[in-house]
Chemist: 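If you scroll down you'll find the structure; I have some questions about it.
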Amino acid sequence: MGKTLPPGQFETNKWPILHEGDVYKFQEENWNFKLFGDIKEEITLSYQDVMNLPKTVATIDMHCVTTWSKFDTTFEGIAFREFLNFVELEKDVKYVKIYGYLNGDRFGYSANLPLEALLGDDALFVYKWKDQNHDWQEISPKHGYPLRFIPPASFYLWKGAKWASGIRFMKEDEAGYWEKRGYSMTANPFKEERFS
Ligand SMILES: Nc1nc2c(c(=O)[nH]1)N[C@H]1C(S)=C(S)[C@@H](COP(=O)(O)O)O[C@H]1N2
Ligand SMILES: [Mo]
């Protein structure tokens, strides 16, 4: 049922694993989720606080800059927009950075995204998935357990932090981990925005 592949991509039914550094080992008592940056008051949410938020189920295509694309994975998670209910944004906040663990540093990985692109069901912090070949299952440690961001399909998958640890709200766009290393700030697969 041919969907359109972005230029330079091939389709796979597998879900490859790619990341820098160690797989994060989840311990609930040491885990929290921070909302910070250009907001009136920063807030730290516990694992239970996060898991008690309303759930969203969405089917999202993933496009990795290393050229694989996986269509139609269904995820259960917490929509990015749910976190907006906890913060009062300062005027002119237009970007966010979503952070994840890298080798034990909770802010070691990050990716920048425009806030306005993250208000739908397809901008999701996920903990469960299924597809045509797999029943519902937890996101594995290697894919980002206990919480992993999946960006809308209009962004390459590096914008999806595994082992997500927080959101920083920003007035100015600021490069994240891969963007500082030459990858695109805007990262639209359909425009083949791989590098900057
Ligand atoms: N915390 C963290 N998140 C990360 C990365 C990483 O190194 N650390 N790599 C990114 C990159 S480059 C890709 S392509 C995707 C891969 O996700 P997957 O292994 O679940 O397919 O995770 C992204 N999220
Ligand atoms: Mo990647």
Side-chain angles (χ1 to χ4, degrees), residues 15-58 60 62 64 73-89 93 95-113 115 117-130 134-152 155 157-170 174-180:
W15 187 2
I17 291 168
L18 288 103
H19 55 259
E20 302 273 288
D22 305 330
V23 174
Y24 168 68
K25 276 209 195 79
F26 175 55
Q27 291 175 300
E28 187 176 336
E29 60 280 17
N30 297 330
W31 190 94
N32 61 48
F33 196 83
K34 280 201 162 63
L35 304 175
F36 61 113
D38 296 329
I39 57 180
K40 293 277 147 54
E41 209 174 322
E42 300 187 350
I43 175 163
T44 302
L45 301 172
S46 71
Y47 181 69
Q48 278 314 320
D49 292 337
V50 172
M51 295 315 279
N52 287 338
L53 293 172
K55 317 296 191 222
T56 296
V57 173
I60 307 174
M62 294 186 278
C64 176
T73 308
T74 300
F75 295 100
E76 182 180 313
I78 298 134
F80 174 92
R81 62 168 179 268
E82 297 295 342
F83 292 97
L84 294 175
N85 297 327
F86 291 91
V87 299
E88 202 183 324
L89 302 182
V93 167
Y95 299 92
V96 299
K97 233 180 205 184
I98 298 178
Y99 289 86
Y101 276 86
L102 175 65
N103 285 334
D105 175 359
R106 66 177 293 174
F107 300 121
Y109 189 82
S110 65
N112 56 317
L113 286 154
L115 178 61
L118 305 182
L119 305 179
D121 286 0
D122 60 349
L124 206 54
F125 288 91
V126 306
Y127 48 81
K128 274 172 77 177
W129 69 285
K130 68 169 182 177
H134 300 85
D135 284 332
W136 279 117
Q137 54 192 277
E138 262 178 1
I139 292 289
S140 68
K142 288 178 180 175
H143 283 303
Y145 187 83
L147 195 67
R148 188 260 165 85
F149 187 62
I150 297 290
F155 298 93
L157 192 60
W158 85 76
K159 298 286 187 181
K162 302 186 193 190
W163 314 298
S165 60
I167 303 167
R168 180 150 68 94
F169 296 88
M170 314 187 296
E174 187 187 288
Y177 183 86
W178 283 117
E179 295 81 10
K180 281 182 189 154

Chemist: In terms of the angle between their ring planes, are F26 and W31 parallel, tilted or perpendicular, with boundaries placed at 30° and 60°?
Modeler: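 Plane angle over 60°, so perpendicular.
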
Chemist: Side chain of R148, backbone of V126: donor and acceptor closer than 3.5 Å?
Modeler: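 Such a contact is absent between R148 side chain and V126 backbone.
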
Chemist: Taking atom CD of E41 as the centre, does the number of heavy atoms from other residues, nucleotides or ligands within less than 6.0 Å exceed 12?
Modeler: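 Counting neighbours around CD of E41, 12 or fewer heavy atoms of other residues, nucleotides or ligands fall under 6.0 Å, so no.
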
Chemist: Is the shortest distance from a Lys or Arg side-chain nitrogen in D38 or R168 to a carboxylate oxygen in the other one below 4.0 Å?
Modeler: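 So D38 does not pair with R168 through a salt bridge.
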
Chemist: What distance separates L35 CG from L45 CG, expressed to the nearest 0.5 Å?
Modeler: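 Answer for the CG-CG pair, L35 versus L45, is 5.0 Å.
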
Chemist: A quick test of your reading: do over 12 heavy atoms of other residues, nucleotides or ligands sit less than 6.0 Å from NZ of K142?
Modeler: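 No, because the 6.0 Å sphere around NZ of K142 holds 12 heavy atoms or fewer from other groups.
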
Chemist: Do you know the tightest heavy-atom contact between N112 and K159?
Modeler: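 That would be O-NZ, 2.9 Å.
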
Chemist: Step by step, would you call L124 with T56 a side chain to side chain contact (heavy atoms under 4.5 Å, CB included)?
Modeler: CA-CA 8 Å; L124 206 54; T56 296; 3.7 Å; yes

Chemist: Counting only heavy atoms not in N30, do more than 12 sit closer than 6.0 Å to its CG atom?
Modeler: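 Atom CG in N30 is packed in, count exceeds 12.
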
Chemist: Between Y99 and Y177, is the ring centre distance below 6.0 Å?
Modeler: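 Aromatic pair excluded; centres sit 6.0 Å or further apart.
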
Chemist: Looking only at non-hydrogen atoms, find the nearest pair between H134 and Q137 and report the distance.
Modeler: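 The pair with the smallest heavy-atom distance is CB-NE2, 3.4 Å.
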
Chemist: Could you walk me through whether E174 and K97 satisfy the salt bridge (charged side-chain N to carboxylate O under 4.0 Å, His left out) test, starting with their C-alpha distance in whole Å, then the side-chain angles of each, then the deciding distance to 0.1 Å, before giving a yes or no?
Modeler: CA-CA 8 Å; E174 187 187 288; K97 233 180 205 184; 2.6 Å; yes

Chemist: I'd like to know whether F80 forms a side chain to side chain contact (heavy atoms under 4.5 Å, CB included) with D122, so could you lay out the CA-CA distance, the side-chain angles of the two residues, the decisive distance to 0.1 Å, and finally the verdict.
Modeler: CA-CA 9 Å; F80 174 92; D122 60 349; over 6 Å; no

Chemist: Just wondering, do F75 and V57 contact through their side chains at under 4.5 Å, heavy atoms?
Modeler: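 V57 vs F75: side chains apart.
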
Chemist: Of the non-hydrogen atoms in A117 and P152, which two are nearest, and what is the gap between them?
Modeler: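 So the minimum-distance heavy-atom pair works out to O-CG, 3.5 Å.
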
Chemist: So, S46 side chain and N32 main chain: donor-acceptor pair closer than 3.5 Å or not?
Modeler: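 Not a single qualifying donor-acceptor pair exists.
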
Chemist: With a 4.5 Å limit on heavy-atom distance, are the side chains of F125 and I167 in contact?
Modeler: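 Heavy-atom side-chain distance check passes, below 4.5 Å.
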
Chemist: If you take all heavy atoms of N103 and D22, which pair is closest and at what distance?
Modeler: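 Result for this residue pair: OD1-N, 2.8 Å.
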
Chemist: How far apart are the C-alpha atoms of F107 and F36, what are their side-chain angles, what is the distance that settles it, and do they pass the ring-ring contact (aromatic ring centres under 6.0 Å, His included) test?
Modeler: CA-CA 12 Å; F107 300 121; F36 61 113; 5.5 Å; yes

Chemist: Would you say K162's side chain and L18's backbone share a donor-acceptor pair under 3.5 angstrom?
Modeler: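 A pair under 3.5 Å: yes.
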
Chemist: Quick one: pull up NZ in K130 and CG in D135 and give me the separation to the nearest 0.5 Å.
Modeler: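 It is 8.5 Å, given to the nearest 0.5 Å.
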
Chemist: Can you measure from CD1 (I98) to CZ (F83) and round to the nearest 0.5 angstrom?
Modeler: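 Output value for this atom pair is 9.5 Å.
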
Chemist: Please report the C-alpha distance between W178 and E20 in whole Å, then the side-chain angles of each, then the deciding distance to 0.1 Å, and finally whether the side chain to side chain contact (heavy atoms under 4.5 Å, CB included) criterion is met.
Modeler: CA-CA 10 Å; W178 283 117; E20 302 273 288; 3.5 Å; yes

Chemist: Less than 4.5 Å apart, any side-chain heavy atom of L118 and any of R81?
Modeler: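 Sidechains of R81 and L118: no contact.
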
Chemist: So do the side chains of P54 and I78 get within less than 4.5 Å of each other, counting heavy atoms only?
Modeler: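 With C-beta onward as the side chain, the pair stays apart.
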
Chemist: Evaluate F33 against Y47 for ring-ring contact (aromatic ring centres under 6.0 Å, His included), listing each step before the verdict.
Modeler: CA-CA 7 Å; F33 196 83; Y47 181 69; over 10 Å; no

Chemist: Please report the C-alpha distance between E179 and W158 in whole Å, then the side-chain angles of each, then the deciding distance to 0.1 Å, and finally whether the side chain to side chain donor-acceptor pair (under 3.5 Å) criterion is met.
Modeler: CA-CA 10 Å; E179 295 81 10; W158 85 76; 2.7 Å; yes

Chemist: Would you say Y127 and E138 are linked by a side-chain donor-acceptor pair, where the criterion is simply a distance under 3.5 Å?
Modeler: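 There is no such pair between these side chains.
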
Chemist: Measure the spacing between OG1 of T44 and CG of D49 and express it to the nearest 0.5 Å.
Modeler: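 Going from the OG1 atom of T44 to the CG atom of D49 covers 9.5 Å.
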
Chemist: Just say parallel, tilted or perpendicular for the rings of W129 and W15, cut-offs at 30° and 60°.
Modeler: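 If you compare the ring of W129 with that of W15, the planes turn out perpendicular.
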
Chemist: What closest approach, in Å, do D121 and I60 show between heavy atoms, and which atom pair accounts for it?
Modeler: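 Closest pair (atom of D121, atom of I60, distance): O-CD1, 4.4 Å.
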
Chemist: Quick check for you: to the nearest 0.5 Å, what is the distance between I17 atom CD1 and H143 atom NE2?
Modeler: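 Separation between the atoms: 4.0 Å.
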
Chemist: Going through the distances and angles, do N85 and L53 end up as a side chain to side chain contact (heavy atoms under 4.5 Å, CB included)?
Modeler: CA-CA 11 Å; N85 297 327; L53 293 172; over 6 Å; no

Chemist: Looking at W163 and Y145, what are the two nearest heavy atoms and their distance?
Modeler: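 Nearest pair, atom of W163 first, then Y145: CD1-O, 3.1 Å.
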
Chemist: Any side-chain heavy-atom pair from P141 and K25 closer than 4.5 angstrom?
Modeler: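 Result no, sub-4.5 Å side-chain heavy-atom pair not found.
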
Chemist: Once you round to the nearest 0.5 Å, how far does OG of S165 lie from OH of Y109?
Modeler: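 Here the interatomic distance stands at 12.0 Å.
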
